[in-house]
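Computed from a prediction, not measured in an experiment: that's the story for all the values here. In what follows, residues are counted from 1 in the order of the sequence shown.
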Amino acid sequence: FCPICTLPIPLPMHNHSGFYICCMKRICCGCKVAAVKRDMFDCPFCRTPIIKDADVATALAMVQKRVDAKDAAALKFLGDQYYYGYNG
């Protein structure tokens with residue numbers, strides 16, 4: 001379910017939504033489009049500025065901050081990244 005509009009996200013979820021590492025939320029495409037129409041180019045859920053793909057160190061720092069706060073979604077995300085070899 002999308003945490004903004006609370007509508008179910010159709011399967012396959014990665015085709016119909018975006019995952020934001022700043023808050024570890026999966027936002028549906030409808031909410032992303034609505035945010036862009038309002039000239040909001042930050043994260044639609046927490047409004048953190050979106051980081052560029054090339055800035056891996058900043059992305060890992062954001063995820064590690066959520067892991068330190070014992071966020072289960074962040075723990076799974078970081079574990080998957082290491083398991084599949086994306087982060088070393």
When rounded to the nearest 0.5 angstrom, what is the spacing between SG in C22 and CZ in R66? 9.5 Å

So how far is it from C28 SG to I4 CD1, rounded to the nearest 0.5 Å?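 Rounded to the nearest 0.5 Å, the SG-CD1 separation comes to 7.0 Å.
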
F19 pairs by side chain to side chain contact (heavy atoms under 4.5 Å, CB included) with which of K25, M13, M24?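 Result: among K25, M13, M24, M24 is the only option passing the side chain to side chain contact (heavy atoms under 4.5 Å, CB included) with F19.
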
Taking L11 as the starting point, is it possible to reach I9 by hopping between hydrophobic residues whose side chains are less than 4.5 Å apart?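 Yes, I9 connects to L11 through the hydrophobic network.
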
Flag yes if I27 and F1 sit in one hydrophobic cluster, no otherwise; membership is Ile, Leu, Val, Met, Phe, Trp, Tyr, and two members link when side-chain heavy atoms are under 4.5 Å apart.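 I27 does not cluster with F1.
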
Minimal non-hydrogen separation, R26 against H14, with atom names: NH1-CA, 3.9 Å

Tightest non-hydrogen contact, residues S17 and C29, listed as N-SG, 3.6 Å

Test side chain to side chain contact (heavy atoms under 4.5 Å, CB included) applied to Y20 and I50, step by step: CA-CA 8 Å; Y20 293 89; I50 302 298; 3.6 Å; yes

Is there any salt bridge (charged side-chain N to carboxylate O under 4.0 Å, His left out) pair reaching into residues 30-43, and which pairs are they, with sequence neighbours excluded?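 The answer is none; no pair qualifies.
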
For L78 and L60, what are the C-alpha separation, side-chain angles and deciding distance, and is it a side chain to side chain contact (heavy atoms under 4.5 Å, CB included)? CA-CA 9 Å; L78 190 61; L60 279 175; 4.1 Å; yes

Do M62 and T48 pass the side chain to side chain contact (heavy atoms under 4.5 Å, CB included) test, and can you show the C-alpha distance, the side-chain angles, and the key distance before you say yes or no? CA-CA 11 Å; M62 291 176 108; T48 302; 3.5 Å; yes

With ring pair (Phe, Tyr, Trp, His ring centres under 6.0 Å) as the rule and sequence neighbours excluded, what pairs involving residues 24-48 come up?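 Listed once each, the pairs would be none.
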
